[in-house]
Structures are given as structure tokens and as C-alpha cells.
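Below, all heavy atoms of this structure are taken into account, side chains as well, without hydrogens, waters or symmetry copies. Predicted model only: the values in this text are computed from it and were never measured. Chain naming here is simple, since letters A, B, ... match the order of the sequence lines and numbering starts at 1 in each.
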There are 2 protein chains.
Amino acid sequence: MTNKAITIIDIAKLLGVSKSTVSRALKDHPDISNATKEAVHMMAKQLKYKPNAVAMSLRHKKSKVIGLIVPTLSPFFFPSVIHGIEKEVNKRGYNLMILQSNESYEREVRNVDILQSNNVEGILVSISRKTEDLNHFTSLIEDNTPIVFFDRIPKSIQADMVLVDDISGAFNAVEHLISIGKRKIAICLGNPNLLISSNRLSGYKKALKKHSIEINEEFIITGESSEEAEKETKKLLELTNPPDAILAISDLTMSGIMKALYAAKIKIPEDIAVIGFCEDTFSQMYNPPVSTIDPMGVEIGKIATERLFQRIHENNILEPKTINLSSRLIIRDSTKI
Amino acid sequence: MTNKAITIIDIAKLLGVSKSTVSRALKDHPDISNATKEAVHMMAKQLKYKPNAVAMSLRHKKSKVIGLIVPTLSPFFFPSVIHGIEKEVNKRGYNLMILQSNESYEREVRNVDILQSNNVEGILVSISRKTEDLNHFTSLIEDNTPIVFFDRIPKSIQADMVLVDDISGAFNAVEHLISIGKRKIAICLGNPNLLISSNRLSGYKKALKKHSIEINEEFIITGESSEEAEKETKKLLELTNPPDAILAISDLTMSGIMKALYAAKIKIPEDIAVIGFCEDTFSQMYNPPVSTIDPMGVEIGKIATERLFQRIHENNILEPKTINLSSRLIIRDSTKI
DNA sequence: TTATCAACCGCAACCGGTTGCACGACCGGT
DNA sequence: ACCGGTCGTGCAACCGGTTGCGGTTGATAA
């Protein structure tokens, strides 16, 4: 937009009418005669007039923009969520402004400011690992800005939340492993600060308890990166009594686990069955394709966005609600005995 | 922002000064006395004043927003690019508005309009498959809007382009396969409308020619989806004289190829070596990890954004330039004999 | 002829900042 | 006492639209 863009004033001058007339004509206001309307529309088309969204945003305090804050854009989960969000946002004629917090509290606060400054009509957030203080969000809520948290949700705040039921997800995965005859079931966790870690762990424990399987602390390992997961898995394999199944908490850890198993020439699922919380696309890339409790990134994005627009359209007077998507267990060869 | 936000007028009233004074005080204008400045800053902090980016954008015709149009947000390539872009954009205090064309020409045109309407200061584009007519871009360029095309570039337009050298990438991949003793080399293409398909194919042919290997049309297959690639690969394997190496043109095709090879219990790389244009993260998920000509999504995003800011800062008077990143050949077990 | 009333359109304020210019106060020098 | 120059601040226009209200015109009714 470095060059001068066409404005309604240009049209008005050329047509010898006032800019208010042009404005009204362009939106078919009944006050304007058909002749004038047609002339204005013609001229607008001819000059390739494009309404200035910024000016309208200033006037209406409505920007038609939704803000999104994610901790990271690295694979695998958040890009999928964005995929789901963008579709819904676009469908409604809105646009998406994406900001990354990079797992930094300060950046997150700054990002909230930026979105406010830009008059976004609603905000979708997955909070950073470092975020403890929630003032930047509570003041947003007090300002009456529609907001929906997803996946990485704050523990104590009155607002909409969208997440998958990780506890039952892990529970089902472990029960599935038990159902195919596995009893020495390991779990590889990710970052312990994340709610998903503790939730999935508790689902894991719950399932073992139900089936009277003792919890073996040696089977609970942590791998925040693929490399770490690989290393820890190798240690698992060296145990005098190694596991016969592994539950991976994320795509990243799954990747490390599979590398370790490949390297050790473990037979999957005969020797060790494998299941993980993997986005569907990626879970099929392994050999064998791995069973998965779909983290449903795309769906989360979709549902969170739908809820946000509900808020926007109903003037933000809805009661805060937590939407718990039940996760989908997809069984593939890695757990088919 | 449903509630009334604090404006400089609020500050002005409370302090009994004019809004111009507040405006100048907030940006440390030398005309304003220190006493006034301090008072204003105090009050601003106290009221949690946030400047209205929309108003400033309207005044300055500068929005601090970069627009991005991609054909799709589905894995694998474009999310990586966005990862690279967002980092650079954010580093410079700008924000990113992301639009998807969904491979539709009409949506692409609409998206260009939207970005113009929002006064974005620059645009990054990877064009849709359907795009033949380029008027929406040429008029942008005539309007003097900084623009950089990446990856999916239009054939005839005077503008900056960023892409990886696919021809030499494919060439090097094939030479690498030859160097490990393979001569019956197949290639699995993707959408034939894409420049990357024809470029990578021509690199493939060039390498074969150089080493006096006859081109076998049976070895040139097409799989736009993973499933299609899988099916076509199976057909390859049933040939009386099947290939001893396969070059995959994308993550998606690689996924299908590997599935077919797994199913047929082909030994990789002994029976068939495999190499593909895969994002690094994903290429390591296979068993064995596959060699790859890194499509360098993140880097493309980074370089394209850097170039765009160069344009923005130098008033868009640069000569159009095509930046050809040379691709990186990463050798992993799938081609290690 | 004059009051009435649509139909059609323009004026001006507004959204929240920025900025050129003018203005008043105060100073020192002559 | 008068002039010139700083210093600090306010006025008002501007960015590009929107909109309440009021004005003009012509036709129709009284």
C-alpha cells in the first residue's frame, strides 16, 4: 500500500457527490437513488476501489481479526491446530493473526498487548510453560474480550477451555494394551510442567490399578526431546525385566522410542507393543504404523474457534465452559497381535 | 475490546492537558517538559493505557503487519515455512496475518484483497495450483506493495522469488543413489502442475543422462496422495524388472512409498534404496531413517521474510531478484550401503 | 397559493492517534 | 519599555470511512 489507494473521496469527487453518499450507495442504503447507486458502483469497480479495513475497524471497533497465541509453531501439534482454526475463522469472513510466545512468559504478555492493540475481536490461547501469573488474561477477561483457551490451559481462571480428555485417553490406551495381553507397560512422559503430562500419567496409573497391575516406577520415563526419549527407551530395554509395551506421550517422544526399538531390532508388537498420542498423519509414517490416541489438533482448533465465535456473536455473556473432547483410539499394527 | 479502552484523551482529561501533549509526552518529544512527561507516563501506566494500533495504522498507513498467503496449512511443508516466517516477522516487531487459498484461484484473489484492505506492509505468497491469471499480483506490484513469492512461484512476473534449487537437488540425490551402486532408479512425482514436480523430474533425468542410464518411463510414477503413492509403488514392485532405488518428491509420497515397501518386506537400502524431499524432522521418523534432500521449509520462510523486509526498508526500489537456495543432502540409513 | 411530505443528498462529528503551526509566557539584552 | 528568542502547550486538520440530523427539491394535497 505504498501508493495512494482509491478512497470513497476519490469516487465522490469524480462523481460530484459527497463521500457520505458514496458510502451509503456502496452499501445499498435506501436513501440513495438507484441512479446514484449504479453510478457509484460503476465508478468503484472502474477504479478498483477497495474499502479500507483499518478505517472501518477504527470506526466500528471491530477488526474482523481473531488473535492466536501459541507457545511454538514447531511440529507436530500446533500446526495442526492452526489448520483447524484458520478454516473456521476464514469461513466466517474473519482473519487470523498468529503470535508465538516461544514458551516465554514475557512474550506471552507482550503478545496479549499486541492483540489488544490491534482490536482483535477474540483471542485463542494455548499458554506457555512458564506462565504462572495470569494477570494478562484476567484483565483481558475483565475488559470483556472473548477468549478461549485450548490444550495448554491455565489452572485457575474463569474462561472457556477446550481440551481432549487425556486421562481417559491414556486410560483407554493402557486398557487396550492390557487387552492384547501386555502387562509390563511403560510410559514415556514429556515436559513435566504440562498438564497433559500429569493427566496422561494419571490415566495410565488408573488403568493399571483397575487391572491390579502394580506400578513400576522404572517404567515411567521422561523424554522431552526425541533424543532424550530414545536414550531413555534404550535404558528401558536394558532392564532385567523390560516392558512389553510402551505408551508415548507425544509425537516427539514416539519418534525417539521408535528409533530405539528399531535399533534394538525389537519386534513390534510381539516383543513390545507401541501406542502414542500422535497426530493421525504422523502415526501412519512408522513401520509398523502405530496405534494412537489422536490428540485431535485439527478438531481442537475447530471446536475452540466455534466456541469463540459463539461468544463473539452472543456479546460474550456466556457462562464459562470447559469442553472436553473425548479422544479417538485408532488401532494400527503396532498393537495388533 | 468490547469495553471502552483507555485512550490518550482519557489521560489528557485527567491531567488537564490536551491530547497532543499526551501524544508527544508518550513518545518523548523534546517539546514537552519533563514534569509533564513524567505525569503522563505515570497516568498511562496507572490506567494501563495501550496505544490503539488501528488508529496509528490509519494515520501512518503502516500497520506493522505482514500478510502471508499459502495454498494449504496441512502438513508438511507450509507449517515449517510459517515457523521460519513468524520468527523473522516477530523479531522485527511486526505481526503476521495468515490466509489460506485452499488451492483456489478465487480465494487467492480474495485473500490479496483482504491483505490490501488491512494495509499490510508486505506480502509473502506461495501461489495456488489453479492460479494462471496473475493480475491480482501485478496490480499489487504496480501499487508498490512489497511482495515476495516463495516455493510455488508464478512463471512470468517481475518480483522477488525464493526457492530451493530443485533441479540440482534431485540431480544430487540421483547421483548419490548411483554412487552407492543403484542404477534402476524410480521417481515418484506429485501434482504435475507444480513447478517442483517438473524441476525435480528434470534434475532426475539430467543425472541419469550424465551417467548414461537410460530413462525408463515405467519408473516415473505419480502419487499426489500418500495412498496413491503407495498404490503406484506396489505396481513398481510387481514389474518384471523392478527398481533398486526410489526418489520421493515429497513427504506425502515418501509416506506412501515406505508403506508399500514395508508391506512387501523390501530391505532398505539393500533391495531398494530410498531418498526423498522430506522435512528433516519427518525424515527421521522412518525405519530406517531416510536420506533426504531437505526442502528447507524453515529456511525458505526465513530468507523470504528477510528479503521482504529489505524491500520494506528500502522503499521497495530493489531490482527483482530470484534467490535460489541450494538444497542440503542429508544421508541416512536408507541409502547407506 | 401554500402547507406537507417523500425522496435524495450533504454537513459535520466521530473513531484514536499524529503533527504543523500558532500562541502565550517568560527570559535576557538593549 | 521594547524586541527577539526559547520553551511548553493547544488548536485543528488529517487518515478513510460511518451516520444522525437537517436541508433542498419537486410533487401532491389542501
May I ask you to evaluate whether [X] reaches the phosphate of [N], defined as a side-chain N or O under 4.0 Å from OP1 or OP2?
X	N	answer
A/K19	D/dG16	no
A/T21	C/dC9	no
A/S20	D/dT18	no
A/K61	C/dG16	yes
B/T7	C/dG16	no

(request) Please list, by residue number, the residues of residues 29-45 of chain A whose heavy atoms come closer than 4.0 Å to an atom of DNA chain D; answer none if no residue qualifies. (result) none
(message) With a 3.5 Å cut-off and heavy atoms only, can you find an N or O donor on one side and an acceptor on the other between the side chain of A/R24 and the base of C/dG10?
(response) yes
(request) Ignoring the backbone of B/K27, work out which of C/dT18, C/dG16, D/dT18 is nearest its side chain. (result) C/dT18
(request) From the options D/dT9, D/dT18, C/dG16, select the nucleotide whose nearest atom is closest to the side chain of B/N52. (result) C/dG16
(message) Closer than 4.0 angstrom, basic N to acidic O: yes or no for B/R129 and B/E103?
(response) yes
(request) Between A/I6 and B/V22, just flag the one whose closest nucleotide in DNA chain D comes earlier from the 5' side. (result) B/V22
(message) Looking only at side-chain N and O atoms, does A/S18 offer a donor or acceptor that is under 3.5 Å from a partner on A/T21?
(response) yes
